[in-house]
Amino acid sequence: MRRILGRLWKVTGMVVLIAGMAMSFSGCIDTGDKAEGKNPIKIGVAIYRGDDTFISSVSSYLTSGGKALETKLGRKVIINIADAKNNQGSQNDQVDNFISRGYDIICVNMVDRTAAAVIADKAKEANIPIIFFNREPVEEDMQIWDKEYYVGTDAREAGILQGELLISEYGRNPENMDKNGDGKLQYVMLEGEQVHQDALIRTEYSVKTVLQAGIEMDKLGNETCNWMRSLSYEAMLKWLEKYGSAIEVVMANNDEMALGAVQALREKNMLENGPVIVGIDGIKECLESISKGDIYGTVKNDAKKQAEVILTIGGACAEGKDPKNLVPELDGHYVRVPHYKVTKVNAEVLLKEE
Ligand code: BGC
Ligand code: CA
């Protein structure tokens, strides 16, 4: 009996061995395809949080743009998006996984933008081009190797344009803004994550721009709301309790937080003839609010264009080409996609393009 069992073991072992060989053989076929240049381009995208409205819009443009790239290159493009759910440890694991599975390009929207060196080092070691986006690594970490890129925007520009929105509305209709007529704008500031380059710089430059135009500002409050509507809604409710209709301007580092302020004002029946509200991003819901007149304006943070640039750089690298030839805006390791202002005048046109 024992002998029979032993034989059975051997036979099963053989079967497993043959199956294993077949599997590695099919792996060989893949490599064969690679030599002919027909293998798919595998792009791994690691995002900091999937429930961030702006980031989820970049993600969906990456997915749709992947299809366009496929047609352009005549090669299958696989895009795999991994959500770190705001945990840097998980994101590191996701990147490791992309590397071990032989991805051709890795795109990373860092959870903690100061922790990029570890990831860039690993990409360099594996010789996989890496494209950071939206959450900018510190300059030093962007110099780890030559196939390392950052795609984002110029936060200063966003702040300046947001300030200009207020300046032009003030010039056009000063009483609509300075409601108590004291010659100053009483404002509240809704801020993004303090560790994010866009939050601090947008705040600084928007206020600076208004002041430089000779308009006095009087800050009633500022609150870190981490880009989130729910937190800005809470902050705005608190300010409304305290200051009521004395708030003349609401400046938000992004549209989600501007929409949180709208929600609080609506709930308190103070939206009509209420403060002038400005945001940044140009997400769909904000464009709708602008065309209804609830939000005065925003600054477009072009998710579609940023996704296009990421894919053009990625596609070029995967084909062994110099991305500079396809993306003339590439300045060293950086591409900063320009912002533009959005008010009632162009909100509807943009909505149609959504
Ligand atoms: C956007 C925010 C977004 C953040 C995420 C910023 O550039 O304006 O809406 O939450 O990036 O990193
Ligand atoms: Ca005033």
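The first residue in the sequence is number 1, and the count goes up from there. Both counts, for ligands and for their atoms, begin at 1 and track the order of listing. Every value quoted in this text rests on a predicted model; they were computed, and no experiment measured them.
The OD1 atom of N180 and the OD1 atom of D182 meet at the Ca ion (ligand 2) at an angle of about 80°, given to 10°.
Formation of a donor-acceptor pair under 3.5 Å by the K324 side chain with backbone atoms of P328 is found in this model. A side-chain donor-acceptor contact under 3.5 Å links N346 to the backbone of K341.
Residue-ligand proximity, D198 to ligand 1, at heavy-atom distances under 4.0 Å covers atoms 6 (C), 7 (O). When each atom of ligand 1 is checked for a heavy atom of N301 under 4.0 Å away, the hits are 1 (C), 7 (O), 8 (O).
Using a 4.0 angstrom heavy-atom cutoff, D52 counts as in contact with ligand 1. Within the structure, the closest approach of R135 to ligand 1 falls below 4.0 Å when heavy atoms are considered.
When the heavy-atom distances from atom 1 (C) of ligand 1 to D281, N109, I47 are ranked, the shortest goes to D281.
Using a 4.5 Å heavy-atom threshold, the side chains of Y187 and D218 count as separate.
For R202, every heavy-atom contact with ligand 1 shorter than 4.0 Å involves the side chain, none the backbone.
Here K184 meets the criterion, with an N, O or S atom under 3.0 Å of the Ca ion (ligand 2). Residue contacts to the Ca ion (ligand 2): E248 brings an N, O or S atom closer than 3.0 Å. Distance check for Q186 against the Ca ion (ligand 2): an N/O/S atom falls below 3.0 Å.
Below 3.5 Å of separation, one finds no N or O of E193 facing any N or O of ligand 1.
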*Between R101 and N80, does a side chain to side chain contact (heavy atoms under 4.5 Å, CB included) hold up when you go through it step by step?*
CA-CA 12 Å; R101 286 163 62 197; N80 185 352; 4.1 Å; yes
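In terms of protein heavy-atom proximity, atom 12 (O) of ligand 1 is closest to N134 OD1, 2.5 Å.
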